[in-house]
Amino acid sequence: MIAANWKLHKNINELNAYFDEFQKHITADVPAVFFTSPILLDRATQLVSSMNNISTGAQNISENTSGAFTGETSLDQVLSTGAQWALVGHSERRTLFGETDALVHKKVKLATEANLNVLLCVGESLAERESGQTEDVILRQLSLGLADLRPDNLALAYEPVWAIGTGKVATVTQASAAHKVLKAALVEMGLKDTPILYGGSVKSTNAKELLTDPYINGLLVGGASLDALEFSKIFNAARET
Ligand code: PGA
C-alpha cells in the first residue's frame, strides 16, 4: 500500500489535473490512499472512484462524534464523503496539536469500530533515537494507541520524526529494524496481517530500495506525493519490488 499525505496542500481546482496526470502514468495495481484536507475529500473521492484500488482518507478526525467543536471534522462527515481511511496519530498532530496516546486511542477506536480503516502513525524524535529510546517509544505508541483494540482494518506507519520533511530518510537498515520490532509486537497482539508502512522523506529515488525490505510493506509519502508524476513513480516502484 502506498499512501499520500497532502497535509495543508492543494485546493479543489487542482484535483482534476493531478488525478489525470497520476492515472496517465501508473502501471502498478497496488492499493493507494490519498490523505487530503477535509475540504477536498468529497471531490477527491469522486475522482478516484473509477480508479482500481485507489481510495481517500482524512488526515485527522475528531474524537467527538458531534456537538459544539468548532473547526473539527467528525467521523460521520468523513464517512459521508465515501472516504475509506483516517490517518491517526501523525507526528505533526502529536507535536503541534498536543495529541496524546490516550487521544490517539480514542480516535482509533471510533474510526475502526465504524468501519473506517485507520493508518496509525508511530515514530521517535531525534533526541529519543540518540538516547536509545526508539524501541520503547514506538512500542509505547503502538500499545497505548491500540490498548485493548485488535482491529483488522488497521495499518501502521513507522515515521521517524527526524526524517519527516527533512530530506533525511532513514536507512533501510534503520527502518527495517524498527519495522521488525513493530511486527513482533503486532504478531504478539494477534495482528500478524497488519501492514507496516515506512514514512519520512520518501522519494522516487529511494522508494524501490525501501520496498525491497521484507519488513517494509508500503510507504507513506508527504512532500513527494504533491507532484503527480513523482508520486506515480513511487507508486510504480511498488510493482517492481
Ligand atoms: P515527507 O512527509 O514525505 O514530506 O517527509 C511524510 C509524512 O509526514 O507523512
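Everything numeric here is computed off the predicted structure, so don't read it as measured data. Counting starts at 1 for both ligands and their atoms, following the listed order.
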remark   = Atoms of ligand 1 under 4.0 Å from any heavy atom of G165, numbered from 1 in the order shown, are 1 (P), 4 (O), 5 (O)
ask   = Step by step, would you call T27 with R239 a side chain to side chain contact (heavy atoms under 4.5 Å, CB included)?
value = CA-CA 8 Å; T27 53; R239 191 179 73 163; 3.9 Å; yes
Over all atoms of both residues, closest heavy-atom pair of L219 and A207 = CD1-CB, 3.7 Å
Residue G200 vicinity, atoms of ligand 1 by number, heavy atom under 4.0 Å = 5 (O)
task = Look at ligand 1 and say whether A224 reaches it with a heavy atom at a distance under 4.0 Å.
result = no
query = What atoms in ligand 1 come closer than 4.0 Å to a heavy atom of H90?
reply = 7 (C), 8 (O), 9 (O)
request  = Indicate, as side chain, backbone, both or neither, the part of I164 found under 4.0 angstrom from ligand 1 when only non-hydrogen atoms are considered.
outcome  = both
request  = For atom 7 (C) of ligand 1, grab the closest protein heavy atom and report residue, atom and distance to one decimal in Å.
outcome  = E159 OE2, 3.1 Å
ask   = If you measure from each heavy atom of K7 to ligand 1, is any distance below 4.0 Å?
value = yes
message = In the structure I gave you, are the side-chain heavy atoms of L210 and V202 within less than 4.5 Å of one another anywhere?
response = yes
key: L220 neighbourhood, listing ligand 1 atoms whose heavy-atom distance to it stays under 4.0 Å   = 9 (O)
note = Value for CD1 (I216) from CD1 (I196), rounded to nearest 0.5 Å, stands at 9.5 Å
message = I need the nearest protein heavy-atom contact for atom 4 (O) of ligand 1: residue, atom name and distance, please.
response = G223 N, 2.8 Å
Shortest protein contact, atom 3 (O) of ligand 1 (heavy atom only) = G222 N, 2.8 Å
key: Between T112 and N153: side-chain donor-acceptor atoms closer than 3.5 Å   = no
query = Any idea how Y158 and Y198 line up, ring-wise: parallel (<30°), tilted (30 to 60°), or perpendicular (>60°)?
reply = tilted
message = Angle between ring planes, F231 versus F235, binned at 30° and 60°: parallel, tilted or perpendicular?
response = tilted
key: Separation of E159 CD from N5 CG (nearest 0.5 Å)   = 7.0 Å
query = What part of A163, side chain, backbone, both or neither, has a heavy atom within less than 4.0 angstrom of ligand 1?
reply = backbone
